[in-house]
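Take a look at the structure below.
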Protein chains: 2
Amino acid sequence: MTTTAARRERQRTQLIDAAEKAIAERGLAGLKARELAQEIGCALGAIYNLVADMDELVLRVGSRTLARLDAALSAAEGEDAPACADTAADRLVAVALAYCAFARENLQLWRILFEHRMAEGAVVPDWAVSEQMTLFRHILEPLSVLLPDRAEAERMLMSRTLFSAVHGVVAIGLEQKLIAVPHRDLDRQIEGLVRLICRGLTAPA
Amino acid sequence: MTTTAARRERQRTQLIDAAEKAIAERGLAGLKARELAQEIGCALGAIYNLVADMDELVLRVGSRTLARLDAALSAAEGEDAPACADTAADRLVAVALAYCAFARENLQLWRILFEHRMAEGAVVPDWAVSEQMTLFRHILEPLSVLLPDRAEAERMLMSRTLFSAVHGVVAIGLEQKLIAVPHRDLDRQIEGLVRLICRGLTAPA
DNA sequence: GACTATCTTGAACGACGTTCACAAAATTCG
DNA sequence: CGAATTTTGTGAACGTCGTTCAAGATAGTC
């Protein structure tokens, strides 16, 4: 027989599943407490036994998305041979393209990672912050191969910059408010940017 | 005596003023129809004689923000002497730093330029789209000086990429969800990125 | 000044997240 | 096992939101 705690944990998972599906299909605005309750077969108020509020639910969905993104980037950088100076730029390009592909295929879920704001003065939990940090590691490793002479702090900062720059191209490129960019063009744009930055990094001062 | 149309136009301006103030101070979530009605001294329903819905209001505020941003970038690039190959990179840096400064000083208003989503399948009006395009011109001009040999289309694409990259660094840097970046560091990060890209652009293939 | 068209009003509507008194169920203990 | 007690589930109700609309106030026209 299932204990109460186990059933609750199962229901919590169902709830996050349903929330993830709702956001993926209809965006953050499509996330409705009443729909979720009906979907997982519980009363409206019971949701608040599983999560504190909708913000926490969005945060948990974001956590999943971040984990899948991390896996996708790992897969992209793991394809080639291990550390090699010649292919460092290629690996950075592969990671950037994987980031773009993930964003495109998980558009709504990817967006809330950056656009979701907590209600009022609520603080983002520590685990959510530290999760985001791990993303930079996919860039830091190839970058360390590319720039073995730079200080660790400098490479860390450069990772952040590189990630942000690629993120910006992806974010603006996938924004339908501006004129839509075709897939191929966006990919080329990203590869061009990464190679450009790599060339700048290794060019003589 | 003031005609009806003139009074309406005046009220519409008051409404946008009030909406702009509300968003600047308390974010998009702080924009409430009832508060606006009280602020400009009209009935709740009267708002819908001035704008179709809240989406249009947000769009109009965004239009103002875009105009102010355009002016800020113009001021930044106009300080130096006119077209000169030596200072092209400096001008691009100046524009990027001005963009960052504007975003920082108008954080909430700047955000809705990118984060606001229209309700359902509503289409963004043409004027809102074309407004955004004019932003790239601040980058296209110095870039044309820097890369006189490239085709126009290529430079246009490069402008878009450069803008997006800087935008990404600013967006991630000002995101308080991640660890806050100090002003000075962010400025340095941006200058570094722009110079890096310029170096990559002018470096031998 | 009377007639018509237009605008203004605020109560009402439906939808939302959240709460809460109460009922049901599970757990504890004699 | 059954009674007492704690925990959990329930859905109606609350407050707030954007939006609508019948009715009253106002402006425009001859």
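Keep in mind that what you see is a predicted model, and the values were worked out from it rather than measured. Here is the naming used below: chain letters follow the sequence lines, and residue numbers restart at 1 for every chain.
Distance A/L36 CG to D/dG9 P: 16 Å, rounded to the nearest Å. The nearest whole Å value for the distance from the CG atom in A/L50 to the P atom in D/dT10 is 11 Å. Look at CD on A/Q38: it is 12 Å from P on D/dG11, rounded to the nearest Å. Across the protein-nucleic acid pair, A/Q11 atom CD and C/dA25 atom C1' stand 14 Å apart, rounded to whole Å. Protein atom CG of A/L57 is 12 Å distant from nucleotide atom C1' of C/dG17, rounded to whole Å. If you take CG of B/N49 and P of C/dT9, they are 9 Å apart, rounded to a whole angstrom. Atom pair A/I47:CD1 and D/dT8:P shows a separation of 17 Å (rounding to whole Å applied). Rounding to whole angstrom units, CZ of residue A/R8 and C1' of C/dA26 are separated by 13 Å.
Ionic pairing of A/R104 and A/D187 is present here: one or more N-O contacts between side-chain nitrogen and carboxylate oxygen are shorter than 4.0 angstrom. Between A/E152 and A/R155 there is a salt bridge, since a side-chain N of the basic residue sits under 4.0 Å from a carboxylate O of the acidic one. Between A/E9 and A/R12 there is a salt bridge, since a side-chain N of the basic residue sits under 4.0 Å from a carboxylate O of the acidic one.
Across the helix from C/dG1-D/dC30 to C/dG30-D/dC1, the helix axis at one end is tilted relative to the axis at the other end by 10° (nearest 10 degrees, each axis from five pairs).
Using modelled atom types, one side-chain atom of B/T202 and one backbone atom of B/C198 make a donor-acceptor pair closer than 3.5 Å. Side-chain atoms of B/R91 do not come within 3.5 Å of backbone N or O of B/L143 as any donor-acceptor pair. The backbone N or O of A/L59 lies less than 3.5 Å from no partner atom in the side chain of A/S63, so there is not a single donor-acceptor pair.
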* Taking it one step at a time, do B/K21 and B/E39 satisfy salt bridge (charged side-chain N to carboxylate O under 4.0 Å, His left out)? -> CA-CA 11 Å; B/K21 202 178 82 170; B/E39 180 100 4; 3.2 Å; yes
* Take A/R26 and A/E35 through the salt bridge (charged side-chain N to carboxylate O under 4.0 Å, His left out) test and state the conclusion after the steps. => CA-CA 12 Å; A/R26 301 188 306 276; A/E35 276 185 23; 2.6 Å; yes
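Judged purely by distance below 3.5 Å, without hydrogens or angles, the side chains of A/N106 and A/R68 pair a donor atom with an acceptor atom.
Between A/F114 and A/W110, the ring planes lie perpendicular to each other; the angle is over 60°, past the 30° to 60° tilted range.
Residues B/S164 and A/V169 share a closest heavy-atom pair of CB-CA, 3.5 Å.
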* Let me have a per-nucleotide readout for nucleotides 16-21 of chain D, 5' to 3', with B, S or -, counting only protein heavy atoms under 4.0 Å. => -BBBB-
Taking only N/O atoms, report every protein-nucleotides 23-26 of chain D pair under 3.5 Å with atom names and distance.
none

